[in-house]
Number of protein chains: 2
Amino acid sequence: MNIKFNNRDPLYVQVIQHFKEQIAKGYFEPGQVIPSRRELANQLKINPNTAQRAYKEMEELGLIFTEGNMPSCITKDKAVLKSVREEMITESVELFLNSIKSINVPLSEVLEVVKKKYDANSRETEE
Amino acid sequence: MNIKFNNRDPLYVQVIQHFKEQIAKGYFEPGQVIPSRRELANQLKINPNTAQRAYKEMEELGLIFTEGNMPSCITKDKAVLKSVREEMITESVELFLNSIKSINVPLSEVLEVVKKKYDANSRETEE
DNA sequence: CAAACTGTATTAACTTGTTAATACACCGAA
DNA sequence: TTCGGTGTATTAACAAGTTAATACAGTTTG
């Protein structure tokens, strides 16, 4: 468990984001135990309440569940786990398209720029 | 001059956004006079300081210029005007790609979803 | 039982950023 | 000159959201 925090987004959002990424990449087993709030807070050097807020939202999203006062677990619902990745992509795409909607960019141009920047990006991270 | 404000983004940001969109769509002539801070504030029912903040940033971006205490004008630099559209697109694309970078989405899938959502979006706005 | 864990709730402190109030300086026209 | 416009600067008020402090309740284990 290790997160590189930026100081632009709220901590609890970044924590959620991190878990979503792990789920999207299939790093979690259904039902897998995750660190307790306090444990996570210790690991990440954040306040337990911040961890609590992140977990609470994840619980509302159906990504994790908690029984009694046991440490929380990743949901056992494989359909939910599977849909996380797709939803992340969909949300990003819709946000993106929305942001350029007002200036009427034709699809062909959108695709062209995306291709170009995708390549440029992957080249950056490889080298 | 008419802006539909949301109450999510700061007013001054939305004002800048509006001008950028107008520029990107070629609605402004180089050197064209724009409303004074107070005039704009009146029209949009916002505080003059909010208009000022927007204009100040646009000036820093080179989009407008001000001589003495004359009303500000759209820049005469056609290259700048022309690049606005491209930069808006580029920024959006990079933000987008960045947001999904961490979950390793192959280019083909990105393009596929963009196509699909683009169509869905334009259908929404037509009907 | 007591200690050490769990999750949870409530409230306060703090930060950050936006917006508003106000005043100043300049110029041009009546 | 005076008045009504311009742009500009400084400061205060306000709002919203995040983070922290603290306390409570339950369960398991030594």
Side-chain angles (χ1 to χ4, degrees), chain A residues 1-20 28-29 31-77 95, chain B residues 1-20 28-29 31-77 95:
Chain A
M1 187 69 54
N2 186 21
I3 308 184
K4 279 194 302 181
F5 288 119
N6 66 57
N7 55 331
R8 168 171 84 255
D9 304 310
L11 292 175
Y12 77 95
V13 170
Q14 296 184 61
V15 172
I16 295 172
Q17 178 68 13
H18 176 262
F19 274 90
K20 278 188 168 180
F28 283 121
E29 293 299 316
Q32 178 177 340
V33 175
I34 57 177
S36 77
R37 276 86 166 147
R38 289 177 176 85
E39 172 63 19
L40 184 79
N42 270 334
Q43 290 182 17
L44 301 181
K45 308 273 195 293
I46 62 178
N47 190 283
N49 288 305
T50 306
Q52 158 66 1
R53 176 153 185 186
Y55 275 25
K56 188 181 176 187
E57 289 209 14
M58 289 196 284
E59 191 148 8
E60 285 167 359
L61 294 172
L63 302 180
I64 68 176
F65 67 94
T66 311
E67 285 174 346
N69 57 349
M70 302 280 286
S72 300
C73 298
I74 298 294
T75 181
K76 291 174 181 167
D77 187 332
L95 196 69
Chain B
M1 186 71 54
N2 186 21
I3 308 183
K4 279 195 301 180
F5 289 118
N6 64 58
N7 55 331
R8 168 170 84 256
D9 304 310
L11 292 176
Y12 78 96
V13 169
Q14 296 183 61
V15 171
I16 296 171
Q17 178 69 14
H18 176 262
F19 274 90
K20 278 188 168 180
F28 284 121
E29 294 299 317
Q32 179 176 340
V33 175
I34 57 177
S36 76
R37 276 86 166 148
R38 288 176 177 86
E39 171 63 18
L40 184 80
N42 269 334
Q43 288 182 17
L44 301 181
K45 307 273 194 296
I46 61 178
N47 190 283
N49 288 306
T50 306
Q52 158 66 0
R53 176 153 187 188
Y55 275 25
K56 187 181 178 186
E57 290 210 12
M58 289 197 284
E59 191 148 9
E60 286 167 359
L61 294 173
L63 301 180
I64 67 175
F65 67 95
T66 311
E67 285 174 347
N69 58 348
M70 302 281 286
S72 300
C73 299
I74 299 293
T75 181
K76 290 174 180 165
D77 188 332
L95 196 69

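Reminder, nothing fancy here: chain letters follow the sequence lines and each chain counts from 1.
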_Please tell me whether Glu59(B) and Thr66(B) have a donor and an acceptor in their side chains that are separated by less than 3.5 angstrom._
yes
Residue pair [X] / [Y], side-chain heavy-atom distance below 4.5 Å:
| X | Y | result |
| --- | --- | --- |
| Lys20(B) | Leu61(B) | yes |
| Val15(B) | Ile46(B) | yes |
| Leu63(B) | Tyr55(B) | no |

So, is [X] close to the [N] phosphate, meaning a side-chain N or O under 4.0 Å from OP1 or OP2?
| X | N | answer |
| --- | --- | --- |
| Arg53(A) | dT19(D) | no |
| Tyr12(B) | dT19(C) | no |
| Thr50(B) | dT18(C) | no |
| Ser36(A) | dC5(C) | no |
| Arg37(A) | dT8(C) | yes |

*asked:* I want to confirm an ordering. Mapping Leu11(A) and Asn69(A) to their closest nucleotides on DNA chain D, which one lands closer to the 5' end?
replied: Leu11(A)
What is the distance, to the nearest angstrom, from the [atom1] atom on [X] to the [atom2] atom on [N]?
| X | N | atom1 | atom2 | result |
| --- | --- | --- | --- | --- |
| Asn47(A) | dC14(C) | CG | C1' | 13 Å |
| Phe65(A) | dG7(C) | CZ | C1' | 14 Å |
| Asn49(B) | dA12(D) | CG | P | 15 Å |
| Glu59(A) | dT6(C) | CD | C1' | 13 Å |
| Arg38(A) | dG26(D) | CZ | C1' | 12 Å |
| Ile34(A) | dT6(C) | CD1 | P | 12 Å |
| Leu40(A) | dC5(C) | CG | P | 16 Å |
| Gln52(B) | dT22(C) | CD | C1' | 14 Å |

*Checking Gln32(B) side chain against Glu29(B) main chain: does a donor-acceptor pair fall under 3.5 Å?*
yes
*With heavy atoms under 4.0 Å as the rule, sort Tyr55(A) into base, sugar-phosphate or nothing.*
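Result for Tyr55(A) = nothing.
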